[in-house]
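Scroll down for the structure; my scribbles are underneath it.
Model, not experiment: these values are computed from the prediction. Order of appearance sets the numbers: ligands from 1, and atoms from 1 within every ligand.
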Amino acid sequence: MIKGIGIQETAERLRNYSYLGCRSIKILSGWFLRLENYEYKYKLAYHLYETSEHVSWYYSRLGEMRGGNAHASIRPELSEICEAVLSAPSDGTFLAGYYGVFQRKLIEAMKEDLEKIDASGNANEARLFTRVLNDLKIQQAWFDSLGMEWENLGWITYLKNFMGYIGGIHGHEERGERPLSPIDTPFERPNRILFDERIQVGPLQSYEQRQALDINEAVIEQFKVFFNEFFAAALVASVLYDASDGSYPWAMLADFSRHFWDEARHSEFGCVRLRELGHEPDRVNPILFDQSQGLPILHRIAYLTTGLEAYFMPRKSKRWQEYSKSGDKRSLLFADQDWSDEINHVRYGKRWTEYLLEGDHRDLNDILDEVKAHLSKVRGEPVTDISAPF
Ligand SMILES: [Fe+2]
Ligand SMILES: [Fe+2]
């Protein structure tokens with residue numbers, strides 16, 4: 001067999017992979033909200049970010065190629081398989097379907113591509129596929145580590161048959177019959193964030209209450225607020241999910257994929273530090289996320305980045321100085337990373353609100369006024385400033 005694949009064939013493969021990557025952003029952000037185990041949510045958030053990096057790599061390679069239009073002639077079947085994976089009826093079937101069927105098929109296709117390509121003639125693809133496969137191998141290892149009994153689930157047979165019906169990732173395999181869906185309801189993005197029985201919804205101490213505590217107690221309460229950054233991750237997840245079906249530039253989804261993972265990491269900082277301090281995370285207050293639902297994408301972005309994140313910002317350097325002064329190096333590490341990330345988030349917010357408002361008669365202040373009017377309606381009292389109860 002002569003090794004190597006030409007530009008046209010390579011472009012077709014990269015188009016398939018980039019499209020599936022984009023749809024995976026929708027699948028993972030939707031299931032981030034719905035999956036109840038919060039440690040699994042952290043993994044999904046990281047996998048979403050990795051997927052967005054892969055899509056950026058595919059697009060950048062396609063951009064260099066003759067005839068590398070990333071969006072030309074996507075097979076409609078690829079959209080159907082992604083909708084099928086998304087519509088899993090439970091947490092277990094979602095994990096088994098996404099990682100056990102969908103991602104494994106993707107890995108199989110990419111490994112086959114890697115076997116066909118020529119190390120020198122297709123050096124770009126060799127490098128790209130090897131890097132992606134390396135990430136996916138680690139994602140698979142995490143799924144395997146869950147030790148789920150999943151191979152015999154009816155849902156798995158359905159998805160495998162669906163993969164057969166579309167002829168595999170590239171549509172080149174022998175095709176079977178279209179299987180009947182075992183469920184009648186499509187996936188609906190939750191407008192609240194779900195947790196298992198370990199996490200209760202309830203109020204957190206206010207900033208002023210925490211300031212009045214002695215330093216040891218204050219650190220614990222501060223890391224409960226870190227853990228609660230689930231609200232911010234959920235808000236960005238809702239933006240990613242909804243924007244996946246719109247015509248937004250990829251660079252915007254890439255920035256918010258990063259923003260999303262950052263917020264999930266900040267919550268994980270809370271989880272890690274609370275455990276070190278002898279406390280198990282047990283509470284969230286998702287009110288800021290809950291009240292953002294119903295707002296358009298532009299308004300949700302403006303509310304979070306130029307409203308809430310700007311509101312929290314003055315606390316960041318103060319907290320950094322407190323930990324630095326008290327010699328609490330572990331807390332300092334987390335506060336340091338968080339502060340740095342937050343500066344980026346405000347930057348993303350500025351960039352994308354400006355972009356989304358291009359050609360509109362309103363400016364950012366008008367949008368924030370509209371957000372306040374929405375919050376006033378939801379809270380049943382006038383909201384004049386964007387602030388947080390914790
Ligand atoms: Fe954050
Ligand atoms: Fe943030």
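- Under the 4.0 Å criterion applied to side-chain N and carboxylate O atoms, Arg131 and Asp135 are not assigned as salt-bridge partners.
- Here Glu309 reaches the Fe ion (ligand 2): one of its N/O/S atoms is less than 2.8 Å from the metal.
- Within the coordination shell of the Fe ion (ligand 1), defined by N, O or S atoms under 2.8 Å, Glu263 is present.
- No path of Ile, Leu, Val, Met, Phe, Trp and Tyr side chains, each step under 4.5 Å between heavy atoms, connects Tyr49 with Trp57, placing them in separate hydrophobic clusters.
- Ion pairing of Glu64 with Arg61 is present here, as a side-chain N (NZ or NE/NH1/NH2) and a carboxylate O approach within less than 4.0 Å.
- The Fe ion (ligand 2) has an N, O or S atom of His345 inside 2.8 Å of it.
- In this structure, Arg273 fails the cation-pi test against Phe334, since its NZ or CZ atom is not both closer than 6.0 Å to the six-membered ring centre and inside 45 degrees of the ring normal.
- Between the Fe ion (ligand 2) and Glu342 there is an N/O/S contact shorter than 2.8 Å.
- For the Fe ion (ligand 1), the nearest N, O or S atom contributed by Glu229 is named OE1.
- Placement of Ile74 and Tyr17 within a single hydrophobic cluster is found when ILVMFWY residues are connected by side-chain heavy-atom separations under 4.5 Å, directly or transitively.
- One of the N, O or S atoms belonging to His266 lies under 2.8 Å away from the Fe ion (ligand 1).
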